[in-house]
**Q** 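Right, I'll just put the structure down here and ask away after.
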Amino acid sequence: MIEDINDIGNKIKELEERMSDPQFWSDKVQAQNVLNELRELKEKLIGAQKYDKGPAIVTIISGAGGDDAEDFSAMILNMYMKYANKKNWGISFIHEHKNDHGGYRNVSFEISGKGAYGNLKNESGVHRLVRISPFNAKKLRHTSFSLVEVLPKFSKLEEKDFVIPEQDLKVEFSRAGGPGGQNVNKRETAVRVVHIPTGLAVHASGERSQEQNRERAMSILRAKIFKKAEQEKKTIEEIFKKNYGTEIEWGSQIRSYVLHPYKMVKDHRTNTETSDIDGVLGGEIDLFIEVEKNL
């Protein structure tokens with residue numbers, strides 16, 4: 001069972017406060033038991049945060065709303081790219097599904113840099129945009145949704161200990177679209193992998209070969225399963241046994257970006273807000289990240 005990081009931290013603080021009482025040390029057996037518990041909790045805390053210093057894999061998926069939602073996904077992508085650039089982090093694309101207007105139906109990319117996952121992991125969730133639609137001739141107000149998913153990237157050594165049975169996988173191949181030359185478009189290099197027990201699906205098309213994209217997709221799938229186990233406070237084995245499906249509930253947004261009739265960005269988890277929406281969409285999101293990290 002994966003425990004909540006805040007719960008572990010609170011337990012450690014409570015035990016350390018008990019140890020400051022002189023009476024605590026009078027019972028050696030009790031003291032030793034508490035010290036053992038404290039050591040185990042600290043080991044769990046380190047384990048829970050072990051991926052925070054590493055790279056992050058980010059996926060953005062458009063919700064209902066057609067061109068407006070897909071344009072919003074492009075805005076969110078641009079926001080994270082500018083944030084990464086300010087941190088001097090690298091960005092490499094894994095999969096892109098664009099429309100004719102430059103919006104994104106879905107896009108996956110890796111952000112490599114120290115602390116990328118630790119900083120961005122709480123960005124996971126539904127993001128909501130309210131504005132006058134640029135795609136509506138009547139200039140009506142429109143609400144759009146995009147789902148952001150942030151995953152840790154496992155090392156090759158860690159992946160070897162995380163084996164997914166082949167019979168649990170459905171692998172599909174297709175032609176990769178977008179830039180990359182004629183060979184990319186003629187050969188079926190794009191890969192979609194579905195984990196049958198959970199219904200989790202992954203796309204990869206950024207590499208030039210089918211095998212490279214399959215390897216990239218499997219890496220992301222492992223991270224998806226890990227993330228779901230972490231969120232559900234379950235073991236990896238428990239997640240494997242239950243079919244969770246892939247339905248997205250758009251009513252539980254974590255953050256709203258309002259451009260009309262006023263300007264405001266508000267995080268609904270912490271009630272943190274700012275009127276500087278241009279700054280936020282320009283990559284200035286540390287305000288939200290730091291508050292969420294310190295909860």
**Q** Could you give the distance from NZ (K263) to OG (S275), rounded to the nearest 0.5 Å?
**A**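 Spacing of NZ (K263) from OG (S275) equals 9.5 Å.
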**Q** Treat each ILVMFWY residue as a node, draw an edge where side-chain heavy atoms are under 4.5 Å apart, and state whether V150 and V280 are in one component.
**A**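 Yes, because V150 and V280 connect within a single hydrophobic cluster, where side-chain heavy atoms sit under 4.5 Å apart.
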**Q** Quick one: which residue pairs count as a ring-ring contact (aromatic ring centres under 6.0 Å, His included) with a foot in residues 57-79, not counting sequence neighbours?
**A**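 Sorted result for residues 57-79: F72-Y257.
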**Q** Would you name the heavy atoms of I132 and K139 that are closest together and state the gap between them?
**A**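 Nearest heavy atoms, I132 then K139: CG2-O, 3.5 Å.
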**Q** With a 4.0 Å cut-off, would you call R105 and D67 a salt bridge?
**A**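 No salt bridge links R105 with D67.
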**Q** Check T59 against I61 and note the closest heavy-atom contact, atom names and distance.
**A**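 That would be CG2-CG1, 3.9 Å.
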**Q** Quick check: closest heavy atoms across F109 and Y80, and the distance to 0.1 Å?
**A**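 Closest pair (atom of F109, atom of Y80, distance): CZ-CB, 4.3 Å.
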**Q** Nearest 0.5 Å, what's the OG-CG distance between S124 and L147?
**A**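 CG of L147 is found 8.0 Å from OG of S124.
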**Q** I would like to know whether E166 and R214 meet salt bridge (Lys or Arg N to Asp or Glu O under 4.0 Å); could you show each step before the answer?
**A** CA-CA 13 Å; E166 284 294 324; R214 188 184 191 283; 3.3 Å; yes
**Q** If you compare all heavy atoms of A190 against all heavy atoms of S205, which two are closest, and at what distance to 0.1 Å?
**A**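 Closest approach of A190 to S205: CB-CB, 3.8 Å.
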**Q** Start with the C-alpha distance between N213 and E207, add both sets of side-chain angles, then the distance that settles side chain to side chain donor-acceptor pair (under 3.5 Å), and finish with yes or no.
**A** CA-CA 6 Å; N213 280 321; E207 305 295 340; over 6 Å; no
**Q** Is there a ring-ring contact (aromatic ring centres under 6.0 Å, His included) between F135 and H101? Walk through the geometry before answering.
**A** CA-CA 10 Å; F135 303 99; H101 301 290; 5.7 Å; yes
**Q** I'd like to know whether R131 forms a salt bridge (Lys or Arg N to Asp or Glu O under 4.0 Å) with D71, so could you lay out the CA-CA distance, the side-chain angles of the two residues, the decisive distance to 0.1 Å, and finally the verdict.
**A** CA-CA 12 Å; R131 65 172 176 176; D71 187 56; 2.8 Å; yes
**Q** Report yes if some heavy atom in the side chain of L221 is under 4.5 Å from a heavy atom in the side chain of L200; otherwise report no.
**A**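 SC-SC contact between L221 and L200 confirmed.
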**Q** Give the intermediate values and the outcome of salt bridge (Lys or Arg N to Asp or Glu O under 4.0 Å) for residues K170 and E172.
**A** CA-CA 7 Å; K170 179 182 178 182; E172 301 170 344; 3.4 Å; yes
**Q** Does any donor atom in the side chain of S133 or D68 lie under 3.5 Å from an acceptor atom in the other side chain?
**A**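 The answer is yes; a qualifying pair exists.
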**Q** I want to check something: taking the side chain as every heavy atom from C-beta on, are F173 and Q210 in contact at a cut-off of under 4.5 Å?
**A**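 Counting from C-beta outward, F173 and Q210 do come under 4.5 Å.
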**Q** Can you tell me how far apart OG1 (T270) and CD1 (I289) are? Round to the nearest 0.5 Å.
**A**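 With rounding to 0.5 Å, OG1 (T270) is 11.5 Å from CD1 (I289).
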**Q** In terms of hydrophobic clusters joined by side-chain contacts under 4.5 Å, are I164 and I220 together?
**A**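 Same hydrophobic cluster.
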**Q** Looking only at atom types and distance, does a side-chain atom of D267 sit under 3.5 Å from a main-chain N or O of N271, one as donor and one as acceptor?
**A**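 No, because the side chain of D267 does not come within donor-acceptor range (under 3.5 Å) of the backbone of N271.
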**Q** Please test L129 against F145 for side-chain contact (heavy atoms from CB on, under 4.5 Å), starting from the C-alpha separation and ending with a verdict.
**A** CA-CA 6 Å; L129 173 70; F145 298 94; over 6 Å; no
**Q** Identify whether the distance between the nearest side-chain nitrogen and carboxylate oxygen of K87 and D286 falls below 4.0 Å.
**A**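 Here K87 pairs with D286 in a salt bridge, since their nearest N and O are under 4.0 Å apart.
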**Q** Quick check: is V265 connected to M75 through a chain of hydrophobic side chains (ILVMFWY, heavy atoms under 4.5 Å apart)?
**A**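 Result: yes, single cluster for both.
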**Q** I'd like to know whether K224 forms a side-chain contact (heavy atoms from CB on, under 4.5 Å) with E149, so could you lay out the CA-CA distance, the side-chain angles of the two residues, the decisive distance to 0.1 Å, and finally the verdict.
**A** CA-CA 9 Å; K224 273 180 172 280; E149 180 184 57; 2.8 Å; yes
**Q** For Y83 and E284, test the side chains for any donor-to-acceptor distance below 3.5 angstrom and give the result as yes or no.
**A**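 Judged by distance alone, the side chains do not pair up.
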**Q** Calculate, to the nearest 0.5 Å, the distance between atoms OG and CD1 belonging to S219 and I94 respectively.
**A**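 Answer rounded to 0.5 Å: 8.0 Å.
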**Q** Which is it for M79 and L77 under the side-chain contact (heavy atoms from CB on, under 4.5 Å) test, yes or no, and what are the steps along the way?
**A** CA-CA 5 Å; M79 179 181 76; L77 169 63; over 6 Å; no
**Q** Please tell me if the side chains of H203 and V191 come closer than 4.5 Å, counting only heavy atoms from C-beta onward.
**A**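 Not in contact.
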**Q** Evaluate the criterion side-chain contact (heavy atoms from CB on, under 4.5 Å) for residue pair V107 and H97; output intermediate values, then yes/no.
**A** CA-CA 6 Å; V107 57; H97 188 181; over 6 Å; no
**Q** Would you say L281 ends up clustered with V148 if hydrophobic residues are merged whenever their side chains have heavy atoms under 4.5 Å apart, either directly or through other cluster members?
**A**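 Same hydrophobic cluster.
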**Q** Does M81 belong to the same Ile/Leu/Val/Met/Phe/Trp/Tyr cluster as I57, with side-chain heavy atoms less than 4.5 Å apart forming each link?
**A**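 Yes, one cluster joins them.
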**Q** Minimum heavy-atom separation for A201 and R192, please, with both atom names.
**A**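 Heavy atoms of A201 and R192 come nearest at CB-NH2, 3.9 Å.
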**Q** Please report the interatomic distance CD(E292) to CG(L287), rounded to the nearest 0.5 Å.
**A**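 If we round to the nearest 0.5 Å, E292:CD and L287:CG are 11.5 Å apart.
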**Q** For residues I111 and W89, report the shortest heavy-atom separation together with the two atoms involved.
**A**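 It is CG2-CE3, 3.5 Å.
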**Q** Check step by step if side chain to side chain donor-acceptor pair (under 3.5 Å) holds for S62 and S73.
**A** CA-CA 6 Å; S62 297; S73 289; 2.7 Å; yes
**Q** Identify which one of E273, H127, H268 satisfies the side chain to side chain donor-acceptor pair (under 3.5 Å) criterion when paired with S256.
**A**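 When E273, H127, H268 are each tested with S256, the side chain to side chain donor-acceptor pair (under 3.5 Å) holds only for H268.
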**Q** Is E70 salt-bridged to K98, cutoff N-O under 4.0 Å?
**A**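 Between K98 and E70 there is no salt bridge, as every charged N stays at least 4.0 Å from the carboxylate O atoms.
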**Q** Which distance, rounded to the nearest 0.5 Å, do you find between the CE of M264 and the CD1 of I277?
**A**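 So the gap between those two atoms works out to 9.0 Å.
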**Q** Within 45 degrees of the axis of the six-membered ring of F288 and under 6.0 Å from its centre: does R255 put its NZ or CZ there?
**A**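 Ring-cation test returns yes.
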**Q** Using a 3.5 Å distance criterion without hydrogens, assess whether the side chain of N78 forms a donor-acceptor pair with backbone atoms of A74.
**A**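 Between the backbone of A74 and the side chain of N78 there is no qualifying donor-acceptor contact (under 3.5 Å).
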**Q** Evaluate the side-chain proximity of V126 to I254: yes if any heavy-atom separation is below 4.5 Å, no if none is.
**A**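 When only atoms from C-beta onward are counted, V126 and I254 do not touch, as no gap falls below 4.5 Å.
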